[in-house]
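What follows is a single structure, written as structure tokens, with notes after it.
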Amino acid sequence: MSLTDWFANRWIVAHATSAGEIADHFAVIDRDLDDAAVPRLSADWRLGITYNAALQLAMLALAAEGYRPARERSHERAILSLALSVRISPATVGLLDTVRRKRNQSNYERAGTTSDAEATEFYSVVAGLRTDVVQWLTTNHPALTPAGLIP
């Protein structure tokens, strides 16, 4: 499948973005990664904050490609779209999707489902994903890349 197929299926909709919107996404991503690095927070909360950074990276990539998720299953579609936009490995996309489901559980159903090691490992994955997205954006959408953006 491609993003064009997703658009035809109405899983995503057309969206005109700007360099300012992309910069705003990076501000949220960097804030969330900074906050998720605070060790006194619970592992569940650190995982959730890190997940939000991953979601913003996915939304940013879709926006750069001219789309946004449709309302139905928007988080799931945003995360899964990373395989089509940035060409993130299926294993990484699978991990992001697993954490998406786990975050829902820890936010709404049960506390203490995340270990410190799991939160730390996921943080490393998302920090690496940020670097990958910056490189992809710089190569594929240089006009949208914020000035002074550090990978």
Side-chain angles (χ1 to χ4, degrees), residues 1-13 15 17 21-22 25-39 41-142 144-146 149-151:
M1 292 206 95
S2 68
L3 291 177
T4 303
D5 296 326
W6 280 34
F7 181 74
N9 288 334
R10 298 183 181 174
W11 297 344
I12 55 178
V13 297
H15 174 72
T17 193
E21 179 184 359
I22 299 298
H25 277 291
F26 275 113
V28 171
I29 292 159
D30 292 342
R31 176 208 62 200
D32 287 350
L33 289 174
D34 286 347
D35 288 354
V38 174
L41 297 177
S42 71
D44 285 340
W45 198 238
R46 287 188 293 120
L47 186 86
I49 296 168
T50 304
Y51 166 78
N52 193 62
L55 178 62
Q56 293 301 315
L57 285 162
M59 298 291 283
L60 176 157
L62 266 178
E65 292 287 289
Y67 302 105
R68 67 172 172 76
R71 291 188 189 268
E72 185 178 315
R73 297 167 57 187
S74 62
H75 285 206
E76 178 185 16
R77 297 253 165 77
I79 292 297
L80 296 178
S81 73
L82 283 165
L84 303 172
S85 58
V86 184
R87 305 273 188 229
I88 298 303
S89 76
T92 300
V93 172
L95 173 64
L96 295 170
D97 193 46
T98 297
V99 170
R100 176 187 62 79
R101 285 180 262 127
K102 183 178 184 112
R103 185 211 52 104
N104 285 345
Q105 181 184 40
S106 68
N107 274 1
Y108 305 114
E109 298 170 12
R110 290 183 49 207
T113 62
T114 306
S115 70
D116 285 331
E118 186 178 18
T120 300
E121 179 184 342
F122 187 61
Y123 180 91
S124 294
V125 168
V126 175
L129 177 60
R130 182 193 180 282
T131 299
D132 293 344
V133 169
V134 168
Q135 292 171 346
W136 170 83
L137 187 67
T138 302
T139 300
N140 294 284
H141 301 283
L144 294 175
T145 304
L149 185 62
I150 299 169

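Being a predicted model, the structure only gives us computed values, none of them experimental.
Taken from CG in Leu129 to OG1 in Thr92, the straight-line distance is 7.5 Å, to the nearest 0.5 Å. Summarising the geometry, atom OH belonging to Tyr67 is positioned 14.0 Å from atom OG1 belonging to Thr17; distances are rounded to the nearest 0.5 Å. Taken to the nearest 0.5 Å, the CG atom of Leu57 stands 10.0 Å off from the OG atom of Ser85. Rounding to the nearest 0.5 Å gives a distance of 11.5 Å between CG of Leu149 and CG of Leu144. Here the straight-line distance linking atom CZ of Phe26 with atom CG of Leu60 works out to 4.5 Å at 0.5 Å rounding. In this structure, CD1 on Ile79 lies 9.5 Å from CE on Met59, to the nearest 0.5 angstrom.
Here the side chain of Asn140 pairs no donor or acceptor atom with the backbone of Leu137 at under 3.5 angstrom. Judged purely by atom type and a 3.5 angstrom limit, Tyr123 has no side-chain atom pairing as donor or acceptor with the backbone of Thr50. A side-chain donor-acceptor contact under 3.5 Å links Thr120 to the backbone of Asp116.
Using a 4.5 Å heavy-atom cutoff, the side chains of Tyr51 and Asp32 are not in contact. Residues Leu3 and Leu62 are in side-chain contact: their nearest non-hydrogen atoms beyond the backbone lie under 4.5 Å apart. For the pair Val126 and Leu96, the minimum side-chain heavy-atom distance is below 4.5 Å. Counting only heavy atoms from C-beta outward, the side chains of Asp5 and Trp11 never approach each other to under 4.5 Å. Here the side chains of Arg130 and Asp30 are in contact, with some heavy-atom distance below 4.5 Å. You'll find the side chain of His141 reaches within 4.5 Å of the side chain of Glu65, heavy atoms only.
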Exercise for the section: Give the C-alpha distance, both sets of side-chain angles, the deciding distance and a yes or no for salt bridge (Lys or Arg N to Asp or Glu O under 4.0 Å) between Arg100 and Asp97. Expected result: CA-CA 5 Å; Arg100 176 187 62 79; Asp97 193 46; 2.7 Å; yes
Exercise for the section: Go through Ile29 and Val133 one step at a time and tell me if the side-chain contact (heavy atoms from CB on, under 4.5 Å) criterion holds. Expected result: CA-CA 11 Å; Ile29 292 159; Val133 169; over 6 Å; no
Exercise for the section: Under the side-chain contact (heavy atoms from CB on, under 4.5 Å) rule, what do Thr114 and Trp45 come out as? Steps first, then yes or no, please. Expected result: CA-CA 9 Å; Thr114 306; Trp45 198 238; over 6 Å; no
Exercise for the section: Quick one: do Met1 and Leu80 satisfy side-chain contact (heavy atoms from CB on, under 4.5 Å)? Show the steps, please. Expected result: CA-CA 11 Å; Met1 292 206 95; Leu80 296 178; over 6 Å; no
Exercise for the section: Would you please test Glu118 and Lys102 for salt bridge (Lys or Arg N to Asp or Glu O under 4.0 Å) and show each step? Expected result: CA-CA 11 Å; Glu118 186 178 18; Lys102 183 178 184 112; 3.2 Å; yes
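Residues Pro69 and Val13 share a closest heavy-atom pair of O-CG2, 4.4 Å. When all heavy atoms of Arg46 and Leu41 are compared, the pair lying nearest together is NE-O, 3.5 Å. Considering all non-hydrogen atoms of both residues, Asp44 and Thr113 come closest at OD1-N, 3.2 Å. Of all heavy-atom pairs spanning Ala61 and Val86, the tightest one is CB-CG2, 3.6 Å. Contact detail for Ala78 and Leu55: the closest heavy-atom pair is CB-CD1, 3.8 Å. Nearest heavy-atom pair, His15 versus Arg68, reported as atom, atom and distance to 0.1 Å: CB-N, 3.8 Å.
Crowding of Glu121 atom CD: a count of heavy atoms from other residues, nucleotides or ligands under 6.0 Å not exceeding 12.
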